[in-house]
Amino acid sequence: MKNTVILGAQWGDEGKGKIVDLLAENYDAIVRFQGGNNAGHTLVIEDKVYKLHLVPSGILYPGKKCILGNGMVIDPQVLLQEIEALQERGVDCKNLFISDRAHVIMPYHKVWETLEENLRGKQKIGTTKRGIGPCYADKITRIGIRMLDLVNPEVLKQKLSDIVPFKKQLIQAFGGENDSISENEIYESYSNYGKALQERIVDTSALLEKIDASGGRILFEGAQGMFLGIDHGTYPFVTSSNTVASQASIGAGVSMKKIHKVMGVIKAYTTRVGGGPFPTEIEGGVGEELRKAGKEFGTTTGRPRRCGWLDLEMLKYVHRLNGLDAVVLTKLDVLKGIHPIKVCLGYEYQGQRLESYPSDTRILDSVNPIYEELDGWEEDISRCLSFADLPLNCKKYVQRIEEFSGVPVEIISVGPERDRTIFREL
Ligand code: IMP
């Protein structure tokens with residue numbers, strides 16, 4: 001199949017970075033289509049660890065086109081730092097392109113986000129404080145700055161003179177510190193970012209069309225996870241972009257008919273960073289064991305991740321919205337030594353089994369997960385190279401996921417390195 005979307009099927013941090021990096025070998029372009037530097041991907045190649053926030057995980061293959069699509073929000077300062085850090089380690093970034101339509105994260109977005117979180121009181125989302133939400137809000141209210149504005153100094157100047165005084169007043173009205181927001185300083189630094197990035201700022205939709213027309217394969221790299229999506233996630237405890245496969249079309253600027261395969265990535269258990277409902281969360285005990293064994297601390301913010309059992313009711317919903325062709329199961333090795341292993345097969349609310357994933361977070365907060373218990377395994381599976389090598393109970397765990405969801409598990413990750421991966425011929 002030619003073009004593929006990889007999406008997170010939980011609350012992010014499913015290990016998509018490693019999978020995109022692995023699959024990228026067989027694609028010509030790797031495209032991000034939503035989010036910004038709220039994402040964090042850790043790649044382990046030989047003995048080197050790479051932490052990426054904006055640059056697509058395909059960057060480590062020379063010659064692949066890596067694209068930041070129009071659906072993203074980009075902090076140019078962070079992007080330049082990331083490019084510099086990669087180049088210092090010998091990674092060639094000349095094939096990195098940025099959509100001229102992508103929106104730009106500005107200093108006032110970050111200041112505003114902190115104020116907004118404070119205004120939420122007990123309903124704090126626990127955002128990454130990277131300015132993601134306020135930048136998307138400006139996009140929707142049509143006062144955003146786009147990448148193409150950074151390379152048109154006159155336009156940038158004009159827009160800043162319209163927007164910055166308004167933002168300063170707003171910040172001041174809500175008790176925020178606005179001294180650091182200077183129109184001139186923003187103009188200086190952002191026009192310099194524009195100069196540094198100008199060769200890369202192009203119409204990436206047109207570029208993708210060319211790649212596709214010449215027979216090239218495109219890999220669309222989702223960030224966050226479906227349950228952090230603005231429309232279908234656990235609103236309001238979500239990020240500000242859509243994280244479903246159909247967003248790949250909008251956020252990369254390609255026709256839906258150019259998407260041929262959708263792969264959903266799940267971790268063998270569930271994690272979540274920040275606030276919001278999490279029906280299968282385990283506080284203490286096994287939850288703590290999973291956090292330690294799975295090194296569950298955020299790549300972007302370093303926060304400890306909340307941990308819980310695998311929730312197949314979530315996977316069922318992901319399949320409904322995305323039409324999954326395959327599941328990628330990661331961190332299966334982390335479950336070693338846990339007995340029994342529970343999987344959630346649905347929710348009970350006020351004594352009744354719910355028919356589908358609830359839209360109301362208040363309901364999600366008080367559902368009782370319906371669990372099935374499976375036997376665990378003691379073996380270290382991180383050296384298993386094929387499905388046949390896995391212990392029997394481990395195979396049963398994988399098969400239960402397939403049976404319940406109706407989707408084949410095509411790839412199993414049993415360790416962070418590239419070679420700790422089982423590809424199944426299905
Ligand atoms: P924001 O994207 O910074 O607005 O944060 C909104 C919510 O999404 C918070 O709960 C974050 O912790 C969460 N979030 C955003 N990006 C990621 C990610 O890449 N992995 C996991 N959680 C994320």
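Remember, it's a predicted structure, so these values are computed and weren't measured experimentally. Only this structure's heavy atoms are used, side chains among them; waters, hydrogens and symmetry mates stay out. Counting starts at 1 for both ligands and their atoms, in listed order.
- Of the charged side-chain nitrogens involved, at least one lies within less than 4.0 Å of a carboxylate oxygen, so that D212 and K258 count as a salt-bridged pair.
- For ligand 1, the atoms sitting less than 4.0 Å from at least one non-hydrogen atom of Q224 are 15 (C), 16 (N), 17 (C), 18 (C), 19 (O), numbered in the order shown with element in parentheses.
- Among all non-hydrogen protein atoms, the one lying nearest atom 5 (O) of ligand 1 is T127 CA, 3.4 Å.
- Given atom 6 (C) of ligand 1, the protein heavy atom at minimum distance is V238 O, 3.3 Å.
- Between K331 and E296 a salt bridge is recorded (basic side-chain N to carboxylate O distance below 4.0 Å).
- With V73, N38, I230 as candidates, the residue nearest to atom 18 (C) of ligand 1 on a non-hydrogen basis is N38.
- Figure legend: cation-pi geometry between R418 and Y61, with NZ or CZ positioned under 6.0 Å from the six-membered ring centre and within 45° of its axis.
- Here's the thing with T128: one of its N/O atoms is less than 3.5 angstrom from an N/O atom of ligand 1.
- Here R303 has side-chain heavy atoms under 4.0 Å from ligand 1, and that is the only part of it that gets that close.
- Relative to the six-membered ring of F278, R272 misses at least one condition, a distance below 6.0 Å or an angle of at most 45° to the axis.
- Contacts with ligand 1 closer than 4.0 Å are made by side-chain heavy atoms of L228 only, the backbone lying farther away.
- When only non-hydrogen protein atoms are considered, atom 11 (C) of ligand 1 lies nearest to G126 O, 3.6 Å.
- The distance criterion of under 3.5 Å between nitrogen or oxygen atoms is met by D13 with respect to ligand 1.
- Counting heavy atoms under 4.0 Å from ligand 1, residue W11 touches it through the backbone alone.
- Cation-pi check for R217 over Y27 is met; the charged atom lies under 6.0 angstrom from the ring centroid and within 45 degrees of its normal.
- Ligand 1 lies nowhere less than 4.0 angstrom from a heavy atom belonging to A223.
- Between T239 and ligand 1, an N or O atom pair is found at a separation short of 3.5 Å.
- Taking any N or O of V273, backbone or side chain, at least one lies under 3.5 Å from an N or O belonging to ligand 1.
- Between D13 and R305 there is a salt bridge, with a side-chain nitrogen of the basic residue lying less than 4.0 Å from a carboxylate oxygen of the acidic one.
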Next on the checklist: Quick one, S191 with K195, criterion side chain to side chain donor-acceptor pair (under 3.5 Å). Give me CA distance, side-chain angles, the key distance, then yes/no.
Outcome noted: CA-CA 6 Å; S191 50; K195 278 186 205 139; 5.4 Å; no
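- Seen from the ring of Y50, R89 counts as a face-on cation partner, given the 6.0 Å and 45° thresholds.
- With respect to K110 and D75, a salt bridge is recorded, a charged nitrogen being found less than 4.0 Å from a carboxylate O.
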